[in-house]
Number of protein chains: 2
Amino acid sequence: MDKFIKAAFEQAKKSYAEGGIPIGSVLVHKGKIIGAGHNQRMQKGSPILHGEMDALENAGRQPALVYRECTLYTTLSPCPMCSGTIILYGIPKVVIGENRSFMGEERWLETRGVEVVMANSEECYQLMQQFIREKPEAWNEDIGV
Amino acid sequence: MDKFIKAAFEQAKKSYAEGGIPIGSVLVHKGKIIGAGHNQRMQKGSPILHGEMDALENAGRQPALVYRECTLYTTLSPCPMCSGTIILYGIPKVVIGENRSFMGEERWLETRGVEVVMANSEECYQLMQQFIREKPEAWNEDIGV
């Protein structure tokens, strides 16, 4: 497993251990993680802190030039909110753990010039599937259904 | 001025008074504000709390059925992040104070079935213009340029 997808997966496992939705992300700038985070719906009662958003929030305010040299690693295909955030900040590349549990806005990202890489991680998929079996209502709420 | 755009504008003025970016939003469900907020970049050092996001965060976790009966009022045309959030949660209608200071993803929202209403508020425009003159760097950072 790629070391940064592994770091995102560690965030997902941390969230799962807290009773939360197991999706994690890391924002990487020039080979260094500048923000790591995971879904905070259950932990903080937040509808906006998806894994990707939490990673960006934890990276804090960054100049546009930094975002444009970043790669975002995330365990699950990014939803419209997280994809819009990637586009807002001009993050040029996203590496995705899996998209079998949920297919986000990968095509929209590509039409906006974002490079989308699929890691096809079985670990990410299995953890997500386990959570969906255990807490389907929380998962549905997280994706607005 | 429509009373809910006025409520969003009050949020924008509150942010301006705090030294922040003057963009405010309210989420309205069946004629009642269930979440109000404003841009928190300067106040909380947050890259994700745009006015719309802050309003949704303050509304807390809501079932999908509630979002689908909501209207989001916002003083400025929603950026890709905030537009993606509207689409994620299936919010069917957005009322926008102005889009002369910044044109967001209005067309994308419309292609996804969201009703977009332009309020053409001169007050929203003037306050935004005043801020952009005073703190252009903060404004550019907020829109990723």
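Fair warning: this is a prediction, and the values are worked out from it, not measured in the lab. Letters A, B, ... are given to chains in the order of the sequence lines, protein chains preceding strands, and every chain is numbered from 1.
- At least one side-chain heavy atom of B/E98 sits less than 4.5 Å from a side-chain heavy atom of B/S101.
- Between A/W108 and B/W108, the ring planes lie parallel to each other; the angle is under 30°, not in the 30° to 60° tilted range.
- Counting all heavy atoms, side chain and backbone alike, A/M53 lies closest to B/I48 at O-CD1, 3.8 Å.
- Residues A/L56 and A/V94 share a single hydrophobic cluster, defined by chaining ILVMFWY side chains whose heavy atoms lie under 4.5 Å apart.
- By a heavy-atom distance cut of under 4.5 Å, A/C79, A/P80, A/M81, A/G84, A/T85, A/I87, A/L88, A/Y89 are the residues of residues 76-93 of chain A near chain B, going up by number.
- Looking at A/K135, its side chain does come within 3.5 Å of a backbone N or O of A/G19 through a donor-acceptor pair.
- For the options A/G144, A/P47, A/G104, heavy-atom pairs under 4.5 Å to chain B are most numerous at A/P47.
- For B/D54 (side chain) and B/H38 (main-chain N/O), a donor-acceptor pair under 3.5 Å exists by modelled atom type.
- When the candidates A/S46, A/A59, A/P63 are compared by the number of heavy-atom contacts under 4.5 Å with chain B, A/S46 comes out ahead.
- The most heavy-atom pairs under 4.5 Å with chain B, out of A/R112, A/E137, A/K44, A/H50, come from A/R112.
- Between B/W139 and B/F102, the ring planes lie perpendicular to each other; the angle is over 60°, past the 30° to 60° tilted range.
- Only the side chain of A/E105 comes within contact range of chain B, with at least one heavy atom under 4.5 Å from a heavy atom of that chain.
- No option in B/T75, B/L72, B/L109, B/T74 other than B/T74 meets the side chain to side chain contact (heavy atoms under 4.5 Å, CB included) test with B/I96.
- When heavy atoms are compared at a cutoff of 4.5 Å, A/R41 approaches chain B by way of both its backbone and its side chain.
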